[in-house]
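Encoded as structure tokens, the structure appears first; notes follow it.
For the numbers below, each heavy atom of this structure counts, side chains included, while hydrogens, waters and symmetry mates do not. All chains are named by letter (A, B, ...) in the order of the sequence lines, taking the proteins before the strands, and each is independently numbered beginning at 1.
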Amino acid sequence: MNILELPVLDRAFYLRPTLEIAPDLLGKILVSTEGPGLVAGRIVEVEAYHQDGDRAAHSYRGRTKRNEIMFREGGILYVYFTYGMHFCMNVVTEKEGVGAAVLIRAVEPLAGLDVIRKRRPAARRDEDLTNGPAKVCQAYAVNRRHNGLCLLEGPITIRRDDGDEKGKIVASPRIGIRDSVELPWRFFLAGNPFVGKAKPAARGRSG
DNA sequence: CAGTCGATGTACT
DNA sequence: GTACATCGACTGG
């Protein structure tokens, strides 16, 4: 299979409701043609974020300089910096003016393993290369320069592999948030070894 | 294997 | 000042 011959997801894919898009992204191929060589991986874990009723979403309190990309027309990347050292990568969804996106939490590496291993020296096993949102950004060398990048033009694209059997999709609470934990807006492929471990989100600081 | 905790920059209060 | 859509080193079993 030549990954670069797979069809790129079109604009219509990204203009649907975010809670439909999130599970639909599972099994799709995240591709980068930047840098020393092709890097590609199958999306196996995502989380949806939406301005409406989701207090964990960056867009919940309205448009700001930081989250402005989330409100644009779907089909672009929203990349943010967090915890003083990490980037996370989201797919912006829905029409212009709606603040919504899907966080890419984990992929299963398919191509460019040599490049990924160089970018992820801390990973001792291949399962640890891309099983977290900041790890995916390291593997793809994604940073603030990619904020707003068009996924229809690249160099980062998401493609459809029609022969792919994705298996069972599971919904669960999202990871690492404190607000709106009751929303089951994390989606992953059951049993896939590249899905991150679901550690409890609760963190207390006062104790 | 699981649990704990420090690192570190930025947006927002 | 504080919280943060995290990671990896470290500990104990």
Side-chain angles (χ1 to χ4, degrees), chain A residues 18-19 21-23 25-26 30 41 43-72 74 76-94 98-107 109 116-149 158 170-188 191 193-207:
Chain A
T18 302
L19 288 178
I21 295 172
L25 280 170
L26 298 175
L30 179 66
I43 298 172
V44 298
E45 181 185 1
V46 299
E47 284 176 2
Y49 288 86
H50 202 286
Q51 64 178 65
D52 294 334
D54 176 11
R55 297 186 306 283
H58 290 169
S59 52
Y60 180 65
R61 289 169 183 82
R63 203 162 181 159
T64 67
K65 180 170 185 182
R66 178 208 198 186
N67 65 27
E68 182 268 327
I69 296 289
M70 275 184 88
F71 289 83
R72 294 203 198 169
I76 63 177
L77 275 186
Y78 167 52
V79 180
Y80 68 89
F81 183 69
T82 191
Y83 289 106
M85 61 190 84
H86 296 304
F87 294 99
C88 293
M89 171 184 191
N90 300 253
V91 171
V92 175
T93 57
E94 305 197 31
V98 177
V102 177
L103 173 70
I104 307 296
R105 284 200 65 91
V107 308
I116 294 174
R117 289 192 189 104
K118 262 184 206 150
R119 290 171 174 166
R120 296 271 310 122
R124 323 246 247 121
R125 314 170 304 152
D126 279 357
E127 288 78 11
D128 296 323
L129 287 171
T130 51
N131 61 347
K135 298 178 187 177
V136 173
C137 283
Q138 287 177 29
Y140 283 78
V142 161
N143 54 55
R144 43 165 103 346
R145 290 183 303 108
H146 298 83
N147 195 26
L149 183 136
I158 301 179
V170 182
S172 83
R174 293 171 295 180
I175 308 295
I177 58 170
R178 306 180 49 124
D179 294 328
S180 295
V181 291
E182 70 281 2
L183 299 176
W185 287 3
R186 169 180 179 242
F187 303 92
F188 60 95
F194 294 89
V195 172
K197 283 195 281 190
K199 290 176 66 173
R203 261 192 306 272
R205 188 163 275 275
S206 61

Roughly, in whole Å, what's the span from [atom1] in [X] to [atom2] in [N]?
X	N	atom1	atom2	answer
A/Arg178	C/dC4	CZ	C1'	10 Å
A/Asn67	B/dA11	CG	C1'	10 Å
A/Tyr78	C/dA5	OH	C1'	9 Å
A/Leu129	C/dC7	CG	C1'	14 Å
A/Phe81	C/dA3	CZ	P	19 Å
A/Arg125	C/dC7	CZ	P	14 Å
A/Arg186	C/dT6	CZ	P	11 Å
A/Asp128	C/dA9	CG	P	11 Å

- With pairs taken as Watson-Crick or G-U wobble and both distances under 3.5 angstrom, which stems of at least three consecutive pairs involve DNA chain B? B:1-7 with C:6-12, B:9-12 with C:1-4
side-chain N/O [X] vs [N] OP1/OP2, d < 4.0 Å:
X	N	value
A/Arg66	B/dC12	no
A/Arg144	B/dG9	no
A/Lys197	B/dC1	no
A/Lys135	C/dG8	yes
A/Arg124	C/dG8	no

- Could you measure between the two P atoms, the one in C/dT2 and the one in B/dG6, and give it in whole Å? 16 Å
- List in chain and number order the residues that pass side chain to side chain donor-acceptor pair (under 3.5 Å) with A/Arg186, two or more places apart in sequence or in another chain; answer none if no residue qualifies. A/Glu45, A/Ser172
- Message: Can you list everything that forms a side chain to side chain donor-acceptor pair (under 3.5 Å) with A/Tyr49? Sequence neighbours excluded, please.
- Response: A/Glu47
- Considering only heavy atoms, which members of residues 43-64 of chain A lie under 4.0 Å from some atom of DNA chain C? A/Tyr49, A/Ala56, A/His58
- Message: Treating A/Tyr80 as the side-chain partner and A/His58 as the backbone partner, does any N or O pair qualify as donor plus acceptor under 3.5 Å?
- Response: no
- Message: On DNA chain C, compare the nucleotides closest to A/Ala101 and A/Gln138; which residue's is nearer the 5' end?
- Response: A/Ala101
- Note on the structure: Heavy atoms of A/Gly41 and A/Tyr140 approach each other most closely as N-OH, 3.0 Å
- Task: Measure from the side chain of A/Ile177, starting at C-beta and using heavy atoms only, and say which of C/dG8, C/dA5, C/dC7 lies closest.
- Result: C/dA5
- Task: Choose from B/dA7, C/dT6, B/dA2 the nucleotide whose nearest atom is closest to any side-chain atom of A/Met85.
- Result: B/dA7
Set of residues satisfying side chain to side chain contact (heavy atoms under 4.5 Å, CB included) with respect to [X], sequence neighbours excluded:
X	result
A/Val92	A/Ile69, A/Ile76, A/Tyr78
A/Phe81	A/Phe87, A/Arg144
A/Glu94	A/Thr18, A/His50, A/Val98, A/Ala100
A/Ala123	A/Arg120, A/Asp128, A/Leu129

- Query: Tell me the salt bridge (Lys or Arg N to Asp or Glu O under 4.0 Å) pairs involving residues 58-71 of chain A, sequence neighbours left out?
  - Reply: A/Arg63-A/Glu68, A/Arg63-A/Glu96, A/Glu68-A/Arg72
- Once you round to the nearest 0.5 Å, how far does CG of A/Asn67 lie from CG of A/Asn90? 11.5 Å
- Query: With a 4.0 Å cut-off on heavy atoms, is A/Arg120 in touch with a base, just the backbone sugar-phosphate, or nothing at all?
  - Reply: sugar-phosphate
- Message: Can you tell me whether the side chain of A/Tyr80 and the base of C/dA5 have a donor-acceptor pair closer than 3.5 Å?
- Response: yes
